[in-house]
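Here is the structure we will look at, set down as structure tokens.
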Amino acid sequence: MASRSKLSGIQRQVLVLYRGFLRTARLKSPEERHRIESVVSAEFRENARSVDRKNFVYIEYLLRRGKKQLQQLKDPDITGLSTLEINKASSLH
């Protein structure tokens with residue numbers, strides 16, 4: 001078994017949130033599933049690249065926002081996911 005580094009609490013929360021989005025996407029139509037997976041993947045990759053790993057306040061904000069979006073997406077009446085553009089420049093440092 002390959003040795004893995006232990007994940008921090010926040011890293012585990014991010015991973016749980018990401019997996020939650022992917023699981024929920026499976027409950028939607030095939031077209032919407034693909035779109036949700038693309039948006040979620042792009043959003044998580046962008047945040048992993050651009051957000052300072054030591055900016056815990058902003059990371060916790062993103063987690064709370066993501067959990068709210070996930071709860072909304074789990075609603076059977078909600079068919080898709082929209083993206084929200086925010087000014088990240090002031091929040092990165």
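A quick note: this is a predicted structure, and the numbers were derived from the prediction, not measured.
Atom CG of Leu70 is separated from atom CZ of Arg19 by 14.0 Å, given to the nearest 0.5 angstrom. Separation of atoms CG (Leu17) and CZ (Phe44) is listed at 4.0 Å; rounding is to 0.5 Å. Distance check, rounded to the nearest 0.5 Å: CG of Leu62 to NZ of Lys67 gives 12.0 Å. Rounding to the nearest 0.5 angstrom, the gap separating the CZ atom in Arg33 from the OG1 atom in Thr24 is 11.5 Å. To the nearest 0.5 angstrom, Ser41 atom OG is 11.5 Å from Glu46 atom CD. Going from atom CD1 of Ile36 over to atom CG of Leu27 covers 9.0 Å, rounded to the nearest 0.5 Å.
Scanning all heavy atoms of the two residues, the minimum distance from Ile10 to Ile59 falls at CG2-CG2, 3.5 Å. Listed here is the closest heavy atom pair of Gln11 and Lys6: OE1-O, 4.3 Å. Phe21 and Gly66 get closest at one heavy-atom pair: CZ-O, 3.4 Å.
A search for side-chain contact (heavy atoms from CB on, under 4.5 Å) contacts involving Ser38 returns His34, not counting sequence neighbours.
If you chain together hydrophobic residues whose side chains sit under 4.5 Å apart, Val16 and Leu22 never meet in one group. Val57 and Leu63 fall into different hydrophobic clusters, where Ile, Leu, Val, Met, Phe, Trp and Tyr side chains are chained together by heavy-atom contacts under 4.5 Å.
No donor-acceptor pair under 3.5 Å is formed between the side chain of Lys74 and the backbone N or O of Gly20.
Ion pair Lys28/Glu37 not flagged as a salt bridge, since none of the NZ, NE, NH1 or NH2 atoms sits closer than 4.0 Å to an Asp/Glu carboxylate oxygen.
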Test Arg65 against Glu60 for salt bridge (charged side-chain N to carboxylate O under 4.0 Å, His left out), laying out the working first.
CA-CA 9 Å; Arg65 190 178 117 211; Glu60 288 171 351; over 6 Å; no
